[in-house]
Amino acid sequence: MPRRNVVTWTATLTGYARTGDLESARRCFDAMPHRTVVSWNAMLSGYSQNGFEDEALRLFHDMVDAGFRPNETTWVIVISSCAARGDPTLADSLATLLHRARGIDFNCFLRTALLDMYAKCGRLAAARRIFDDLGPRKNTVTWNAMISAYTRSGDLAPARELFDRMLNKDVVSWNSMIAGYAQNGQSAFAVRLFKDMLTLTGEHPKPDEFTMASVFSACGHLGTLEIGNWAVAFLGKNQIRLGTSGYNSLIFMYSKCGSIKDAQRIFQEMERKDAVSYNTLISGLAAHGRGREALELMSKMKEEGINPDHATYVGILTACSHGGLLQEGRRLFETIEAPSNDHYACMVDLLGRAGEVEEANRLIQTMPMKPHAGVYGSLLNACRIYRRTDLAEMAAYGLFEIEPNNSGNYVLLSNIYAQAGRWEDVDRVRRMMRKRGVMKATGWSWVEHGGEVHKFIAGDRSHERCSEIYHLLANLRRRMERSGYVADGSCVLRDVVEEDREEMVGVHSEKLAVCFALIVSEAGEAIRVMKNMRVCWDCHTAIRAISKLEGREIIVRDNNRFHHFVEGQCSCKDYW
DNA sequence: ATAGGGTTAG
């Protein structure tokens, strides 16, 4: 390879940096007989593009010390490194330096980079000022940077306003907006916007692997496998090649839609797996109660030379918890170097579900940081399972302080009092909720069928096939009574249950959803029901019974966990 | 020869 002049040297350096071989790039840089600003920029860019922002910032100072004057390109690279760091103090000092520098042309490139840096460092107003100051000199990239500035901070309305005002949307514009919805709990809007992208008249960019990754993620959050499969078919038809991240979101989608087998298949088919691939599947296995397989996967991950990170341990501890693997969980927790609040929450959950409520409580007392809501929430849930009213009060009051508006916490404590027959305390908690204006969330269940999402709430009579559903419900109840299923005295499939003493609640939403699914699904096929709250004991028993009577597998997702009901048995070991 | 925006995990 001829290395005659500074241009060939720099080109070689860039070549190494593009393949991620920064050591060779740096060796090349150090060996250069002469350097220009462009050589420095190439090295800076190499660091910045490969996630070594700190190295880039250090080299920037070396460059200034060596007497080189940064040009516009230098500033853009350094500013984007700072953007990735997200440090507002650094952003401000860099901006001060930039404004002191002489002879710099504040072109659109530079201003857009600045806009992005301010946005990523939490200075949204400063970002917007740059956006407005640019006036008609703004280009598509500037618009896109501003849209994602808003979606990152969860401001979907101003993001959508800019998106709608934009005249020349490119694929990144669409991706930013679709991802914005998907990441802010508005997955249904994400899917709708994707459909708009395909169907609206006029010139529209073709979806790429990033678009599809967001759509898969949205389908995962929604639990809509039919739409998900349609998106997968679209992917194949349009020959869109997925990268590792795209495959990761597919693993996520299948896991969340109850198709853990497909998630595993995608994982196996992937050529290049990263930590996220492993973490996603481990979490998926955890949600499905497959603790052993999750543990095996983490071993495999280590064998492949990929280090478990924060998310891996969250996933694996969840897997131990849901799979009833107490000893393994304890041992793993000890191996975590600096356990975070999340890890403590998982560990309290694991101990609590396994019946070691005292140990869980002691763990909270010895935590080196202030426990967050998840930690107390796990303890409170354990108190519900093991009827520890005394400890429940302590956990609940810790929780009310952190999350005064989370209705679930109040309901949980109220139900614990109800279990203990302490009705005056039940009333007290209910009054507390009213006084604080906390609304009880409605638990609804849904089933996807024929491209539509069918939703049910407790006592629902609004569904178009309502009479069929209630007819089936009554029929099932008769069959269950004949087969002696009510022998344990639990309130199986009662038409009306008294959920608390004030309200009479009709048939639970998941029973309605299961019956609807039985009516519409093809015989023999497994059915899926999604729920956003918790399957209550009543429904748990009922669904077990239905799975036995009907000989069908019923998969219920609730609270992001899956329960596979087969032949009257439920897959989860820890739940009740 | 060097520069800005979008994707994944409980």
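In this text the structure is predicted, and so the values were computed from the model without any measurement. Scope of the values below: all heavy atoms of this structure, side chains included, with no hydrogens, waters or symmetry mates. Each chain gets a letter, A, B and so on, in the order its sequence line appears, and its residues count up from 1.
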What nucleotide, of dG4(B), dG6(B), dA1(B), holds the atom closest to the side chain of Thr36(A)? dA1(B)
Would you classify Thr140(A) as touching base, sugar-phosphate or nothing, given that sugar-phosphate means primed atoms plus P, OP1 and OP2, and contacts are heavy atoms under 4.0 Å? base
Please determine, for the side chain of Lys120(A), which listed nucleotide (dA9(B), dG6(B), dA3(B)) has the closest atom? dG6(B)
Among side-chain atoms of Ser283(A) and Thr280(A), is any donor-acceptor pair under 3.5 angstrom? no
What I want to find out is whether Lys120(A) reaches Asp116(A) closely enough, with some N-O distance under 4.0 Å, to be called a salt bridge. yes
Please report, rounded to the nearest Å, how far the P atom of dG4(B) is from the CG atom of Asn107(A). 12 Å
Pairing residues for Asp274(A) by the salt bridge (Lys or Arg N to Asp or Glu O under 4.0 Å) criterion, not counting sequence neighbours: none
I need the residues from residues 121-133 of chain A with at least one non-hydrogen atom less than 4.0 Å from DNA chain B; give them sorted by number, or say none. none
Rounding to a whole Å, what distance do you find between Ile77(A):CD1 and dG4(B):P? 7 Å
Using a cut-off of 4.0 Å on non-hydrogen atoms, how would the nucleic acid contact of Phe109(A) be classed: base, sugar-phosphate, or nothing? base
Salt-bridge test for Arg58(A) and Asp54(A): reply yes if a basic N is under 4.0 Å from a carboxylate O, no otherwise. no
What residue pairs, at least two apart or across chains, pass ring pair (Phe, Tyr, Trp, His ring centres under 6.0 Å) with a residue in residues 296-318 of chain A? His310(A)-His343(A)
Sugar-phosphate, base or nothing in reach of Lys256(A), heavy atoms under 4.0 Å: sugar-phosphate
Considering residues at least two apart in sequence or located in another chain, which fulfil the salt bridge (Lys or Arg N to Asp or Glu O under 4.0 Å) criterion with Glu269(A)? Arg265(A)
Non-neighbouring partners of Phe29(A) that pass ring pair (Phe, Tyr, Trp, His ring centres under 6.0 Å), sequence neighbours left out: Trp40(A)
Please state whether the base of dG6(B) and the side chain of Asp170(A) form at least one donor-acceptor pair under 3.5 Å? no
What is the separation between atom CG on Asp309(A) and atom P on dG10(B), rounded to the nearest whole Å? 12 Å
Whole Å only: how far is the CZ atom of Arg111(A) from the P atom of dA3(B)? 21 Å
If you look at every strand shown and take non-hydrogen atoms under 4.0 Å, does Arg35(A) touch a base, only sugar-phosphate, or nothing? nothing
Name each donor-acceptor pair under 3.5 Å that joins a side chain in residues 213-225 of chain A to protein atoms two or more places apart or in another chain, with its distance.
none

DNA chain B contacts made by residues 67-76 of chain A, counting heavy atoms under 4.0 Å: Thr73(A), Val76(A)
Can you confirm if the NZ or CZ of Lys261(A) lies within 45° of the ring axis of Tyr254(A) and under 6.0 Å from the centre of its six-membered ring? no
Identify which nucleotide among dG6(B), dT2(B), dA9(B) has an atom closest to any side-chain atom of Val172(A), counting heavy atoms from C-beta outward. dG6(B)
Can you name the salt bridge (Lys or Arg N to Asp or Glu O under 4.0 Å) partners of Asp132(A), sequence neighbours left out? Arg128(A)
Give the intermediate values and the outcome of ring pair (Phe, Tyr, Trp, His ring centres under 6.0 Å) for residues Tyr344(A) and Phe333(A). CA-CA 9 Å; Tyr344(A) 277 99; Phe333(A) 185 73; 5.4 Å; yes
Within 45° of the axis and under 6.0 Å from the centre of the six-membered ring of Phe267(A), does NZ or CZ of Lys273(A) qualify? yes
Interface residues of residues 174-194 of chain A with DNA chain B (non-hydrogen, below 4.0 angstrom): Asn175(A), Ser176(A), Ala179(A), Gln183(A)
Strand-adjacent residues in residues 157-166 of chain A, judged by heavy atoms under 4.0 Å from DNA chain B: none
Met63(A) CE - dA3(B) C1' separation (whole Å): 12 Å
Starting at CG of Asp309(A), measure out to CE of Met301(A) and round the result to the nearest 0.5 Å. 5.5 Å
Reckon Cys346(A) touches a base, only the sugar-phosphate, or nothing at all at heavy-atom distances under 4.0 Å? nothing
Side-chain atoms of Arg18(A) come closest, of dA3(B), dG4(B), dA9(B), to dA3(B)
Can you name the side-chain contact (heavy atoms from CB on, under 4.5 Å) partners of Ser173(A), sequence neighbours left out? Thr140(A), Asn144(A), Phe163(A), Met166(A), Lys169(A), Asp170(A)
What integer distance in Å separates Ile306(A):CD1 from dT8(B):P? 19 Å
Among the nucleotides dG10(B), dG4(B), dT7(B), whichever has the atom closest to the side chain of Val314(A) is dG10(B)
Check: dG4(B) base within 3.5 Å donor-acceptor of Asp116(A) side chain: no
Looking only at N and O atoms, is any donor in the side chain of Asp208(A) or the base of dG6(B) less than 3.5 Å from an acceptor on the other one? yes
Using a strict threshold of under 4.0 Å (side-chain N to carboxylate O), is an ion pair present between Asp349(A) and Arg353(A)? yes
When rounded to whole Å, the CG to P distance for the pair Asn41(A) and dG4(B) reads 11 Å
Between C1' of dT2(B) and CE of Met32(A), the distance in whole Å: 11 Å
Reckon Ser148(A) touches a base, only the sugar-phosphate, or nothing at all at heavy-atom distances under 4.0 Å? sugar-phosphate
Anything under 3.5 Å between a donor and an acceptor, one on a side chain of residues 96-104 of chain A, the other on a protein residue two or more places apart or in another chain? List them.
| residue | atom | partner | partner atom | Å |
| --- | --- | --- | --- | --- |
| Thr96(A) | OG1 | Asp92(A) | O | 2.8 |

Quick one: which of dG6(B), dT2(B), dA9(B) gets closest to the side chain of Thr14(A)? dT2(B)
Considering only heavy side-chain atoms of Ala213(A), the closest of dG6(B), dT2(B), dT7(B) is dT7(B)
Looking only at side-chain N and O atoms, does Arg152(A) come under 4.0 Å of OP1 or OP2 in dG6(B)? yes
